[in-house]
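All values reported here derive from a predicted model rather than from experimental measurement. Below, each value reflects all heavy atoms present in this structure, side chains not excepted, and no hydrogens, waters or symmetry copies.
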Amino acid sequence: MSELQRRLARSGGAARRQLGVTVVLGLAATVLLVAQATLLAEVISGAFLGARSLGALAPKLIALAAIAVARGAVAFGFEASGRIGAARVMAGLRAQMVERLLRSRPGALAAEQSGELAAAAVQGVDALEAYFARYLPQVVLAALVPPVILAWVLPRDWEAALILAVTFPLIPVFMVLIGKLAAGAVRRRWRTLSSLSASFLDVVSGLETLQAFGRAADQERAIEGASDRYRLETMATLRVGFLSALVLELLAMIGMALVAATVGVQLAGGSLGLTAGLTILILAPELYMPLRQMGAQFHASADGVAAAERIYEIIDAPEAVTRPRQLAPAPDPREHGIRVSDVSFSYPGRPGRVLDGASLDLRAGETLAVLGASGSGKTTLASILMRLSDPDSGGVSCGGVDLARVEPAAWRERIAWLPQRPTIFSATVADNIRLADPSASAERVRDAAGRAEALGFVAALPEGFDTLLGDGGRRLSAGQCQRVALARAFLANPSLVILDEPTSNIDATSAELVWQAIERLVSGRTAILVVHRPALARFADRMVELRAGALVECSPRPSEHSLEAAA
């Protein structure tokens, strides 16, 4: 068993409990198997040797029937425990992925492919069901059944026991050899599937753009090529699977044939009793069966094991922000100023630093505009202020408390963020606004929408606040999305407001409504406006500009020309 498989087996309490139940049921199934074979052999030999009446065999027949029922119950429990354990482990892995992606690394997802992450979280985790529900139980049976059968056969016929002991280890040996061959094929197949998922998601999200530029046919050919690669990789994996089945069946047949020949010779010579000989012949296929089934289930679970590599890469990825052991209470930006001290930041794989020694003092209740050209680091600075990313050096404090000592989630509860393109989820208008406070009443939701200048367009929707938005629902304009996001901010009642280019993608009429709502939102709160033109910073008390990674104080109202030259 590889290190990855061992980690899967101990991936959580559910996996360990499932493994414990599987071992107990596997042991019971093995004992019942030997008992059934022995009784069956005694019944057959008794009938063959001329039992005077059926009544003489009745007790054994009743015991045989009881054992058959018990084996059925154990087999059902074996299967059920595997599936229940698999479901719990899969839910636990998805929870770990969500925890890592949404809580620990929210600022580090820009380099990830959303389609590939979706494939890992959905198809990848689902593929592990075969591993936990079928392969792992077969591993337990393969470890329990052969030793028990050999221990029963040895005192009765050492020659048959020797043949079984020599031939059955060959099956795991060939399984390991073929498994190594299969692992590479399955890994390539999974990478191809992940690439196909990512490409397909990109195409679906950009259909309008592709049609507008007449490039839909090119993307269709690209998807077709990826599908062909996936088909070829799948067929290569199946060829390895068929080869494995052929080898395992051949080895099992050779072993059973040798045992049958040996037992037959001994029965003919009278050196072996009929009951013992029949029992050995009945048990010989059962010794090989768990190993053959394990080989078959190995290939069925190979996709899940390949996906698990990617799942654990995500889970093991370092956190984007530090989580202190000794927590300090989250300070209130409405009461205390924020200080950015000599902050530097760089992205992996990109040359140079985005921020290089940036420093800033933001007073409580002040509205600060951060200007700069595209790519100058404005959004990165906002990400660090929200504790979505940690700086490479330097730090951020509020009221003298280093934010690295504060629980990130507690700090973010004091912040409302309005990005350039707010995400609208597949939910009603009211539920999209309630993202800031799921327990908010309908009255509070309506009040937040009114303060965000959203009541007008919401009233015009077919079902008002109950209108479904997002995928499968109504699509909003960019300006309407911004006002829904502003309603979320009003509902959150934050102490610090961070707005990232809030009107960069909307028309003038919508922009005016958004600015009216922003003026209400920042009133009495500490606020940072990330903009690229001074004209957009009309509510700011002060302006700073990002130049070469550093923050430079601007005049109260710098000339449009001086800053637009940098933009």
Side-chain angles (χ1 to χ4, degrees), residues 333-334 365-370 378-379 382-383 385-386 388 412-461 464-470 473-533 535-541:
R334 203 184 317 223
E366 181 182 30
T367 298
L368 176 74
V370 179
K378 304 187 299 296
T379 300
S383 178
L385 287 169
M386 289 185 289
L388 296 177
R412 292 176 200 136
E413 287 178 357
R414 300 189 179 278
I415 301 174
W417 178 45
L418 186 69
Q420 296 182 38
R421 295 177 177 84
T423 300
I424 301 299
F425 295 93
S426 181
T428 64
V429 176
D431 287 338
N432 266 282
I433 295 174
R434 282 195 183 96
L435 188 67
D437 184 359
S439 62
S441 64
E443 291 75 16
R444 287 184 59 203
V445 170
R446 184 176 183 83
D447 177 68
R451 297 170 70 187
E453 301 290 344
L455 274 182
F457 83 82
V458 172
L461 295 176
F465 283 95
D466 293 325
T467 302
L468 182 65
L469 304 178
R474 190 179 185 89
R475 302 184 68 174
L476 301 180
S477 68
Q480 291 169 339
C481 290
Q482 289 286 17
R483 280 175 276 170
V484 169
L486 279 167
R488 292 173 184 164
F490 278 111
L491 193 63
N493 190 24
S495 299
L496 173 64
V497 180
I498 299 178
L499 304 104
D500 187 359
E501 305 279 5
T503 57
S504 61
N505 300 302
I506 59 179
D507 60 87
T509 302
S510 296
E512 187 59 35
L513 292 173
V514 168
W515 280 117
Q516 291 175 18
I518 289 175
E519 187 174 13
R520 295 190 197 98
L521 181 62
V522 302
S523 178
R525 296 182 172 93
T526 305
I528 297 175
L529 301 177
V530 175
V531 292
H532 67 281
R533 290 190 294 118
L536 300 177
R538 55 184 180 178
F539 301 124
D541 301 314

[X]: side-chain hydrogen bond (donor to acceptor under 3.5 Å, both in side chains) partners, not counting sequence neighbours:
X    : result
R520 : E453
R525 : N493
S510 : D507
D437 : S439, R444

Measuring from atom [atom1] of [X] to atom [atom2] of [Y], what distance do you get when rounded to the nearest 0.5 angstrom?
X    : Y    : atom1 : atom2 : value
I528 : L368 : CD1   : CG    : 6.0 Å
L496 : I415 : CG    : CD1   : 5.0 Å
L486 : R451 : CG    : CZ    : 11.0 Å
D500 : W417 : CG    : CH2   : 7.0 Å
E501 : L529 : CD    : CG    : 10.0 Å
L513 : R483 : CG    : CZ    : 5.0 Å

Sidechain-backbone polar pair: Q516 side chain, A452 backbone, donor-acceptor under 3.5 Å: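 Side chain of Q516 to backbone of A452, a donor-acceptor pair under 3.5 Å: no, none is there.
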
Would you say T467's side chain and L461's backbone share a donor-acceptor pair under 3.5 angstrom?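 A pair under 3.5 Å: no.
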
L435: which residues meet the side-chain contact (heavy atoms from CB on, under 4.5 Å) condition with it, sequence neighbours left out?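 For L435, the residues satisfying side-chain contact (heavy atoms from CB on, under 4.5 Å) (neighbours in sequence not counted) are F425, R488.
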
Residue list, side-chain contact (heavy atoms from CB on, under 4.5 Å) with A449, at least two apart or on another chain: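 Expected list: I433, A454, L455, F465.
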
Distance-minimising heavy-atom pair for [X] and [Y]:
X    : Y    : answer
V530 : A382 : CG2-CB, 4.5 Å
A487 : A448 : O-CB, 3.4 Å
V445 : A440 : CG2-CB, 4.2 Å
T526 : G365 : OG1-N, 2.8 Å
T428 : D466 : CG2-O, 3.6 Å

If the condition is salt bridge (charged side-chain N to carboxylate O under 4.0 Å, His left out), which residues does E512 pass it with, not counting sequence neighbours?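 E512 satisfies salt bridge (charged side-chain N to carboxylate O under 4.0 Å, His left out) with R538 only.
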
Can you tell if the side chain of [X] reaches within under 4.5 Å of the side chain of [Y], non-hydrogen atoms only?
X    : Y    : value
V429 : F457 : no
L499 : V522 : yes
R412 : L388 : yes

What residue pairs, at least two apart or across chains, pass salt bridge (charged side-chain N to carboxylate O under 4.0 Å, His left out) with a residue in residues 427-436?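 Every pair satisfying salt bridge (charged side-chain N to carboxylate O under 4.0 Å, His left out) with a residue in residues 427-436: D431-R434.
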
